[in-house]
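Okay, so here's the structure we're looking at.
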Protein chains: 2
Amino acid sequence: MMKALVNKKSSEQASETEISVNHQKLIDATIETIAKRGLADTTIAHVAKRAKVSQGYANFRFNSKDNLLISSLQYLSDEYKKSWQKIFEEKNIDPIDRIIRIIQNDFSSKIANRNKISVWIAFYSEVKFRPSYLAICQRQDEIYSQQMEKLVSEINNIANQKEFTPKEISETYHSMVDGLWQRILFDPKIYTNEFCKNLVLKYFKSIYVNEDRFA
Amino acid sequence: MMKALVNKKSSEQASETEISVNHQKLIDATIETIAKRGLADTTIAHVAKRAKVSQGYANFRFNSKDNLLISSLQYLSDEYKKSWQKIFEEKNIDPIDRIIRIIQNDFSSKIANRNKISVWIAFYSEVKFRPSYLAICQRQDEIYSQQMEKLVSEINNIANQKEFTPKEISETYHSMVDGLWQRILFDPKIYTNEFCKNLVLKYFKSIYVNEDRFA
DNA sequence: TTTTGTATTGAATAATCATTCAATTTTTAT
DNA sequence: ATAAAAATTGAATGATTATTCAATACAAAA
């Protein structure tokens, strides 16, 4: 009966396109469902309905619910990674401006909104019991931390800051971001993205006292 | 058949004691089960087995699984609260020493261990969908923040620190602790309790530059 | 058009689980 | 000791859900 099918590309290498359409529709629907109902209450049936495919298909397409969840986490992780990778790769930009852009990104509404955060935390909460979740989260973390430390050491050189090692600054920053994201989820009235961003900027200002771009 | 029953108190106001025994056994078992298997995989049957009562009883005793979970979160919350409340109530102690004790408490092995943290995060992850979880977490937070701000303002007076408001310091501290707890869960090899505690102490040292007790 | 292969459906299956409750054991009062 | 009350059991129930798969719709090839 009624099918809303996407027009096909020519042919030969059959598809990559409309395969991806359903693939992506399901991943999006999964993330949306987790955001709306929580991981505990996310069923294949809910996801399939939201993605407008049959329940059987959703399972068939990803082999298992577990695999669908892993793919969704991977997608979320990649999406976040792209956003900061872009900033780290920008050319001709002062390290302090770069780190400010990183901070802005971490508290942009695209990244730090209650839906995304709730999905992250849902996966975090299972990390201890699902090695595959842990692996995805750790891989992300590692690269981010590495680039962050490099950036901070550039700043340390310029600003002639000796008190803190780049690792320490990177670690505290990262922890603060995670903690603030959690707080955005709990109490978005108080913890607006602006509020959180400014808190972090002030933290940097306390480290680099002579630098007023953090103000 | 075999029962390991606890000797009773005399009588009249029937019990409060042995009622509490089963009550507490079930709450302990719930927390342990969540720590070992994750919230998603915590069933009444698992909890009952661990508490050495029948499955039917576990449900009967708390009326519902949901209620058992809420009671367990409340217990966890109270336990944590007691630990810091004690420090805030200590007499004849210098505010800086007091805050150091608070930090030590937040990274003591009794509080910041992987089991407890995983249970906290499990509940956090559902906060958006369960008003009762949120209420418990928020109440905790509010009192803690309030006392913390008061303590910080005492320190600010002594240390003559103007850059940061007590609220800002309290917020960043709290976020950092939450973030670091998360990291202890992810990678306990790197994020030892010592490591985390020292990171936070260093943060305070950067705020109160002239105070060397934070070193 | 007809045939063939692929994508998709949706109903059936089997497993898991919270909850119920009649039956049993244990405790308390007489 | 006996009866009444309370606590506790564990098997049955019904709801939910991931997964399977035979049937169908669709697209491409002949």
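Just so we're on the same page: letters track the sequence lines, and every chain starts at 1. Hydrogens, waters and symmetry mates are skipped; everything else that's a heavy atom, side chains included, is used.
- Among dT8(D), dA18(C), dT8(C), the nucleotide with an atom closest to any side-chain atom of Phe60(A) is dT8(C).
- Nearest-nucleotide mapping onto DNA chain D: of Asp41(A) and Gln55(B), the residue sitting toward the 5' end is Gln55(B).
- Using a 4.0 Å cut-off, no side-chain N or O of Asn59(B) falls inside it from OP1 or OP2 of dA18(C).
- In summary, of the residues considered (Thr30(A), Ile31(A), Ile27(A)), a side chain to side chain contact (heavy atoms under 4.5 Å, CB included) with Leu76(A) occurs for Ile31(A) alone.
- Remark: P of dG10(D) and CD1 of Ile44(B) are 16 Å apart, rounded to the nearest angstrom.
- Protein atom NE2 of His46(B) is 9 Å distant from nucleotide atom P of dA18(C), rounded to whole Å.
- Because its NZ or CZ atom is both nearer than 6.0 Å to the ring centre of Phe164(A) and within 45° of the ring axis, Lys202(B) counts as a cation-pi partner of that residue.
- Note on ring orientation: taking the six-membered ring where Trp is involved, the planes of Phe204(B) and Phe214(B) are parallel (angle under 30°, cut-offs 30° and 60°).
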Derivation and outcome, salt bridge (Lys or Arg N to Asp or Glu O under 4.0 Å), residues Asp178(B) and Arg183(A): CA-CA 9 Å; Asp178(B) 281 346; Arg183(A) 298 176 102 68; 3.1 Å; yes
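- Taking the side chain of Val53(A) as heavy atoms from C-beta on, and the options dA18(C), dT9(C), dT19(D), the nearest nucleotide is dT9(C).
- Candidate nucleotides dT8(D), dA18(C), dT9(C) were compared by shortest atom distance to the side chain of Ser54(A), and dT9(C) ranks first.
- Arg61(A) places its CZ atom 16 Å from the P atom of dT20(D), with the value rounded to the nearest Å.
- The NZ-P distance, from Lys49(A) to dT17(D), rounds to 13 Å in whole Å.
- Atoms NE2 (His23(A)) and P (dT8(C)) sit 13 Å apart, rounded to a whole Å.
- Phosphate proximity of dT8(D) to Asn22(B): present, with a side-chain N or O under 4.0 Å from OP1 or OP2.
- When the nucleotides dT9(D), dA18(C), dT17(D) are ranked by their closest atom to the side chain of Thr43(B), dA18(C) comes out on top.
- Taking atom CZ on Arg37(A) and atom P on dT16(D), their separation rounds to 12 Å, with Å as the unit.
- Salt-bridge check for Lys36(B) with Glu32(B): failed, with every basic side-chain N at 4.0 Å or more from each acidic carboxylate O.
- Rounding to whole angstrom units, NZ of residue Lys52(B) and C1' of dT9(D) are separated by 17 Å.
- Note: CG (Asp66(B)) to P (dA15(D)) measures 19 Å, nearest angstrom.
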